[in-house]
Structure formats: C-alpha cells, structure tokens
Amino acid sequence: METAHPGPVPTVDYVHGYSPREGRRLGDQADTLARLLHAGTSYPAGSRVLEIGCGVGAQTVHLLRSSPGARLVAADRSGESLARARAHVAAVVPDARMEWRRADVYDLPFADGEFDHVFVCFVLEHLPAPRQALAALRRVLRPGGTLTVIEGDHGSAFFHPDSLYARAAIECQISLQTAAGGNALLGRELQPLLTGAGYEDVEVRPRTVYADRTRPALAEGFTRDTFTAMVEAVREDALAAALITSADWDRGIADLHRTALEGTFHYTFFKATAVNPTDATPPPATTSSPV
C-alpha cells in the first residue's frame with residue numbers, strides 16, 4: 001500500500017453528513033436491522049417515552065410500531081432532521097400520535113422525571129461527552145425508569161476475503177469520527193459509561209450481523225447499503241486529510257463491495273438497558289454543551 005503524507009484532519013459536525021443519500025442510508029439500516037435491534041423493546045400503553053437524537057426518523061417508525069400505545073416524544077437538535085423525520089413518519093405511520101421537540105441532549109427542555117423510558121440509538125458515538133449526556137438523560141427519566149442504548153463498534157467488523165485496503169478505508173472513517181469529537185468504537189464501552197453515569201442494573205448484550213451469499217437481504221441491506229455506504233461517504237474528507245491515497249481508497253471500497261457479492265461480513269452492535277436508581281438525586285440540568 002502507498003503511504004499518504006499526513007495532513008490536518010477536518011472537523012465536522014456529524015461525520016456522515018446530512019445529505020439525502022445519508023438519510024436513505026439511515027432508513028435502509030433501520031429497516032434491515034429492525035428485527036435484530038428492536039427485539040425485546042416495547043413500551044406499555046400510556047407510558048411516556050423519549051427518543052433523543054431521532055435524526056430523520058429512521059428508528060422512530062419502528063418504535064411506533066412496537067409500542068403503538070406509548071406516548072412518544074422524538075427530539076433532535078437539528079431542525080432540518082426533525083422536518084425530514086416528520087415527513088418520513090407521516091408517510092410510513094400516518095396515524096401516529098406523537099410529539100416532536102427540538103432539543104440538545106446536554107440541555108434538555110423537559111422537567112425532572114418527565115419520562116418513563118428513554119431510547120437512544122446511534123447517538124452517543126457522535127458526542128464529545130457521552131457520559132455527561134447519559135447523566136443529563138437521568139434527570140428527565142423518572143426514578144425506576146429505563147434507558148435503552150444501541151451503539152455499533154467499527155472495530156468489530158471483519159470479513160472474507162480479508163483486505164488491508166478495506167481495513168484502511170474503515171480506519172479513515174474511524175479517524176475522522178474521532179477528529180469530529182466522536183467515537184466509532186463506543187459499543188464496547190457502554191457498560192462502564194452507563195455505570196459511571198449513575199445507572200444501575202446495567203445489562204449489555206451483543207447483537208451480531210453476519211452476512212454471506214445465502215443471506216442476500218443482509219448482504220445487500222447491511223454490508224453494501226449500510227456499512228460500505230457509510231464508509232464511502234467520507235471519501236472526500238479522507239483524501240483531503242491525506243489519510244489515504246485515492247488509489248488505495250478505491251481498492252478498499254471495491255474490496256468491501258466484493259464481500260457483499262461473494263464473501264462474508266460480520267459486525268457487532270451492542271444493546272444496553274439500564275435503570276435510573278429509585279433512591280438517587282437526579283443530576284442537575286446542564287446549561288450548555290461541552291466543548
């Protein structure tokens with residue numbers, strides 16, 4: 001492999017960007033993995049549930065389907081994402097009764113103990129202070145209420161045929177996310193993060209995706225349209241930062257596509273559940289995001 005000369009790594013708000021293509025990728029990911037990731041998650045009728053970091057509503061529609069009687073509040077800091085989420089939910093679950101709120105996880109506009117349950121999916125990995133965010137969520141979660149967190153871990157990706165070029169391309173995505181203040185390897189840290197934020201009864205379970213040619217829906221929906229598409233999206237940033245050469249990048253992406261067509265691909269998500277202690281004082285509200 002060629003060695004690129006190191007250069008400045010650009011800082012971005014959300015490493016994957018907010019393009020329509022990214023919105024479609026999030027939808028493909030949510031739909032492909034719904035059974036795997038949402039299994040075991042449903043909320044009682046009448047319970048008040050907060051989905052923080054709802055993005056374009058990709059996970060929201062599955063929450064609505066699994067808990068039709070719950071009172072769901074979907075929140076995100078991006079007004080543009082909320083508008084797209086509203087449109088998506090209206091198209092997929094037109095009879096949904098829910099609330100939409102613009103909110104920052106570090107400065108939540110909700111009362112203490114307002115929610116019975118909180119759902120967080122693919123959010124913590126993009127935050128500079130995930131433990132602080134989890135503590136902020138404890139404030140709005142009633143004592144004894146539950147938190148569900150789902151995160152990936154790009155270090156869990158392995159495949160056949162193996163490829164140093166594909167691994168280098170994946171490492172570019174990991175490096176860019178780190179430079180943006182996030183952590184693409186956060187899945188492995190959920191248990192200590194939740195415990196450190198004051199939750200109890202923390203339970204973390206792996207949710208593994210394995211795809212080969214006998215599982216074409218996963219090979220297409222996850223290996224190609226979710227994971228490889230995610231890596232492909234950071235091409236220009238990776239090249240601008242001189243993290244890799246153009247030739248090596250293109251070969252790495254081609255090798256990832258090859259695993260979807262004729263090889264095998266493995267990835268592990270981590271799903272955690274935790275309880276807000278009944279005898280603990282809620283953390284104080286924060287007034288600003290960490291820097």
Side-chain angles (χ1 to χ4, degrees), residues 1-2 15-17 19-41 55-59 61-62 65-66 88 92 121-122 125 150-177 184-188 190 204-236 238-239 243-271:
M1 294 178 61
E2 302 174 42
V15 69
H16 306 309
S19 67
R21 178 184 179 183
E22 171 62 6
R24 290 191 298 272
R25 186 190 73 83
L26 291 172
D28 289 340
Q29 174 180 250
D31 294 344
T32 300
L33 301 175
R35 180 177 298 180
L36 178 76
L37 298 184
H38 285 266
T41 300
V56 297
Q59 304 295 335
V61 295
H62 296 288
R65 286 168 171 165
S66 62
H88 180 57
V92 179
C121 187
F122 307 147
E125 63 171 302
I150 301 172
E151 290 291 347
D153 189 319
H154 294 355
S156 72
F158 58 88
F159 38 85
H160 171 78
D162 198 5
S163 164
L164 292 176
Y165 299 94
R167 293 188 178 279
I170 295 169
E171 188 59 40
C172 288
Q173 198 283 329
I174 294 172
S175 297
L176 289 166
Q177 191 160 333
L185 310 177
L186 187 131
R188 67 189 71 179
L190 281 183
V204 181
R205 292 289 181 267
R207 299 291 174 101
T208 298
V209 181
Y210 169 77
D212 61 29
R213 66 176 64 191
T214 70
R215 302 179 177 187
L218 282 174
E220 179 180 344
F222 184 74
T223 308
R224 189 190 72 182
D225 294 344
T226 295
F227 189 85
T228 302
M230 173 197 67
V231 177
E232 281 184 294
V234 303
R235 182 183 193 275
E236 297 308 317
L239 296 180
L243 297 177
I244 194 171
T245 66
S246 177
D248 285 352
W249 175 271
D250 292 342
R251 179 164 177 179
I253 296 301
D255 286 350
L256 280 175
H257 278 288
R258 180 176 59 169
T259 69
L261 292 173
E262 60 188 49
T264 67
F265 190 89
H266 173 282
Y267 188 92
T268 300
F269 294 94
F270 295 87
K271 183 173 183 177

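What you see is a predicted model; the values in this text were computed from it and never measured.
- From Gln59, atom CD reaches atom CG of Leu33 across 8.0 Å, with rounding to the nearest 0.5 Å.
- Between the Ser156 side chain and the Tyr267 main chain, no donor and acceptor come within less than 3.5 Å of each other.
- Between the side chain of Lys271 and the main chain of Leu36, no donor-acceptor pair closer than 3.5 Å is present.
- Residue Gly155 comes nearest to Leu185 through the heavy atom pair N-CD2, 3.3 Å, listed as atom of the first residue, atom of the second, then distance.
- Closest heavy-atom contact between Ala168 and Ile244: CB-CD1, 4.0 Å.
- The distance from the CD atom of Glu220 to the CG atom of Leu261 is 10.0 Å, given to the nearest 0.5 Å.
- The shortest distance between side-chain heavy atoms of His154 and Val231 does not fall below 4.5 Å.
- Under the 30°/60° scheme for interplanar angles, the aromatic rings of Phe122 and Phe269 are found to be tilted.
- With rounding to the nearest 0.5 Å, the separation of CZ in Arg167 from CZ in Phe159 is 4.5 Å.
- The shortest non-hydrogen separation linking Thr41 to Ser66 is O-OG, 3.4 Å.
- Residue Arg224 holds its CZ atom at 10.0 Å from CD of Glu232, rounded to the nearest 0.5 Å.
- The line from CD of Glu262 to NE2 of His160 is 8.5 Å long, rounded to the nearest 0.5 Å.
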Given the rule in the side chain to side chain contact (heavy atoms under 4.5 Å, CB included) test, do Val56 and His88 qualify, once you have shown the distances and angles that lead to the verdict?
CA-CA 7 Å; Val56 297; His88 180 57; 6.0 Å; no
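- When all heavy atoms of Ser175 and Leu243 are compared, the closest pair comes out as CB-CD1, 4.3 Å.
- No donor-acceptor distance shorter than 3.5 angstrom exists from the side chain of Thr208 to the backbone of Thr268, with no hydrogens or angles considered.
- Residues Ala219 and Asp212 approach most closely at CB-O, 4.0 Å, considering heavy atoms.
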Side chain to side chain contact (heavy atoms under 4.5 Å, CB included) assessment of Phe265 paired with Leu256:
CA-CA 9 Å; Phe265 190 89; Leu256 280 175; 4.3 Å; yes
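- Taking CZ from Arg251 and CG from Leu164, the interatomic distance works out to 9.0 Å, rounded to the nearest 0.5 Å.
- Although no hydrogens or angles enter the test, the distance criterion places no donor-acceptor pair under 3.5 Å between the side chain of Arg235 and the main chain of Trp249.
- Closest approach of Ala58 to Val61, counting heavy atoms only: O-CG2, 3.4 Å.
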Evaluate Thr259 against Thr264 for side chain to side chain contact (heavy atoms under 4.5 Å, CB included), listing each step before the verdict.
CA-CA 6 Å; Thr259 69; Thr264 67; over 6 Å; no
Could you check Asp153 against Glu125 for side chain to side chain contact (heavy atoms under 4.5 Å, CB included), going step by step and ending with a plain yes or no?
CA-CA 9 Å; Asp153 189 319; Glu125 63 171 302; over 6 Å; no
